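Nothing here was measured: the structure is a model prediction, and the numbers come from that model.
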Amino acid sequence: QVQLVEPGGGLVQAGGSLELSCTIPGRTFSSYAMAWFRQAPGKERDFVAAITYSGRSTYYADSVKGRFTISRDNAKSTVYLQMNSLKPEDTAIYYCAARIGGSDYENRGSYNYWGQGTQVTVSS
C-alpha cells in the first residue's frame with residue numbers, strides 16, 4: 001500500500017501565499033510522477049499541476065498558471081505546491097496524487113495513489 005502524507009493547508013487572505021507539501025514515506029519517490037488536484041464543495045476533483053518523476057517537466061491548469069509552482073526534491077521524497085496570489089476561488093480540498101509511468105497528467109483516473117487531502121481556504 002502506497003501512502004501519501006500531506007501536512008499543511010490552512011486559511012489565508014486573498015493575495016496571500018501558501019505552500020503545500022506531500023511525501024511518500026518508505027518508497028522510491030523518484031519513481032513516481034506527482035500531481036495536485038483540488039475539489040471545491042459540490043464540484044469535481046480538478047487537475048491543478050503535475051511534475052514528471054525527474055522534475056524536468058511541469059504542467060498546470062490554466063486557472064493557476066503564473067500563480068502556482070509545483071516542484072519536487074527527490075532527496076527529501078517531497079513534492080511541493082507553492083501557491084501565490086491566492087484567490088477565494090482557490091478554496092478547496094487539495095489532494096496529492098502519484099503514479100508510475102503514463103503521460104496524461106491531467107487525467108485524475110490515471111493516478112493510482114492519493115493523499116487524504118488538505119483544506120485550503122482563501123478569504124476575501
Side-chain angles (χ1 to χ4, degrees):
Q1 182 71 17
V2 177
Q3 190 173 16
L4 279 64
V5 179
E6 305 176 47
L11 173 65
V12 63
Q13 287 191 326
S17 298
L18 196 63
E19 183 180 70
L20 304 180
S21 64
C22 173
T23 65
I24 309 180
R27 296 285 177 167
T28 306
F29 182 75
S30 59
S31 299
Y32 296 89
M34 303 296 296
W36 290 94
F37 287 75
R38 67 186 181 186
Q39 188 167 17
K43 295 191 176 181
E44 297 281 318
R45 189 174 298 187
D46 292 331
F47 171 75
V48 175
I51 188 166
T52 55
Y53 69 96
S54 66
R56 290 195 186 102
S57 296
T58 56
Y59 307 86
Y60 295 93
D62 288 342
S63 59
V64 306
K65 276 180 185 174
R67 300 189 298 123
F68 291 11
T69 302
I70 188 170
S71 62
R72 66 190 297 157
D73 185 337
N74 286 344
K76 296 182 178 178
S77 299
T78 303
V79 63
Y80 304 94
L81 184 69
Q82 177 66 43
M83 304 184 292
N84 298 327
S85 302
L86 282 161
K87 304 174 181 180
E89 52 263 43
D90 294 317
T91 295
I93 298 174
Y94 283 71
Y95 296 89
C96 177
R99 71 181 194 199
I100 294 179
S103 59
D104 188 6
Y105 292 98
E106 298 186 23
N107 179 4
R108 69 174 184 263
S110 68
Y111 290 85
N112 307 102
Y113 311 108
W114 291 85
Q116 77 280 9
T118 187
Q119 178 70 47
V120 171
T121 302
V122 183
S123 63
S124 57

Can T69 and Y60 be said to form a side-chain contact (heavy atoms from CB on, under 4.5 Å), step by step?
CA-CA 8 Å; T69 302; Y60 295 93; 3.8 Å; yes
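- Once rounded to the nearest 0.5 Å, the distance linking OG of S85 with CZ of F68 reads 9.0 Å.
- What you find for T118 and P7 is that their closest heavy atoms are OG1-O, 4.4 Å.
- Annotation for Q119: atom CD counts as buried by contact number, over 12 foreign heavy atoms lying within 6.0 Å.
- One distance of note links OG1 of T121 with CD of Q13; it measures 13.0 Å at 0.5 Å rounding.
- Proximity of Y113 to Y32: side-chain heavy atoms (C-beta onward) are separated by under 4.5 Å at one or more points.
- To the nearest 0.5 Å, atom OG1 of residue T58 and atom CZ of residue R72 are 12.0 Å apart.
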| request: For the pair D90 and K87, evaluate salt bridge (Lys or Arg N to Asp or Glu O under 4.0 Å) and give the outcome as yes or no after the intermediate values. | output: CA-CA 5 Å; D90 294 317; K87 304 174 181 180; over 6 Å; no
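- Both L81 and V122 belong to a single network of hydrophobic side chains, linked directly or stepwise wherever heavy atoms of I, L, V, M, F, W or Y lie under 4.5 Å apart.
- At least one side-chain heavy atom of V64 sits less than 4.5 Å from a side-chain heavy atom of R38.
- Here the CD atom belonging to E89 is positioned 10.0 Å from the OG atom belonging to S124, to the nearest 0.5 angstrom.
- The cluster map of Ile, Leu, Val, Met, Phe, Trp and Tyr, joined by side-chain heavy atoms under 4.5 Å apart, puts V79 and V120 in the same cluster.
- Every residue two or more places apart in sequence or in another chain was checked for a salt bridge (Lys or Arg N to Asp or Glu O under 4.0 Å) with K43, and none qualifies.
- A 4.5 Å side-chain heavy-atom check between V2 and N112 finds every atom pair outside the cut-off.
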Trace of the ring-ring contact (aromatic ring centres under 6.0 Å, His included) decision for F37 with Y111 | CA-CA 11 Å; F37 287 75; Y111 290 85; 5.4 Å; yes
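- Side-chain contact between S71 and Q82: absent, with no pair of heavy atoms (C-beta onward) separated by less than 4.5 Å.
- T52 places a side-chain N or O within 3.5 Å of a backbone atom of S57 that can act as its donor or acceptor partner.
- Hydrophobic clustering (side-chain heavy atoms under 4.5 Å, transitive across Ile, Leu, Val, Met, Phe, Trp, Tyr) groups F47 together with W114.
- The same ILVMFWY cluster, assembled from side-chain heavy atoms under 4.5 Å apart, contains both I100 and L4.
- Side-chain contact between I24 and M34 is present, with at least one heavy-atom pair separated by less than 4.5 Å.
- Within the 4.5 Å cutoff, the side chain of D73 has no heavy atoms near those of the F29 side chain.
- K76 has its side chain out of reach of S21: every pair of non-hydrogen atoms, C-beta onward, lies at least 4.5 Å apart.
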Might you work through the side-chain contact (heavy atoms from CB on, under 4.5 Å) test for R108 and Y95, ending with a clear yes or no?
CA-CA 11 Å; R108 69 174 184 263; Y95 296 89; over 6 Å; no
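- Considering only heavy atoms from C-beta on, E6 comes within 4.5 Å of W36 through its side chain.
- Expressed to the nearest 0.5 Å, how far CG of L20 lies from OG1 of T78 amounts to 12.5 Å.
- Shown here are the side-chain hydrogen bond (donor to acceptor under 3.5 Å, both in side chains) partners of S31, two or more places apart in sequence or in another chain: there are none.
- Under a hydrophobic clustering in which Ile, Leu, Val, Met, Phe, Trp and Tyr are joined whenever their side-chain heavy atoms come within less than 4.5 Å, directly or via other members, Y59 and Y80 fall into different clusters.
- Within 6.0 Å of OH in Y53 there are 12 or fewer heavy atoms belonging to other residues, nucleotides or ligands.
- Applying the ring pair (Phe, Tyr, Trp, His ring centres under 6.0 Å) test to Y94 and every residue at least two apart in sequence or in another chain returns nothing.
- In terms of heavy-atom proximity, S30 sits nearest to N74 at CB-ND2, 3.5 Å.
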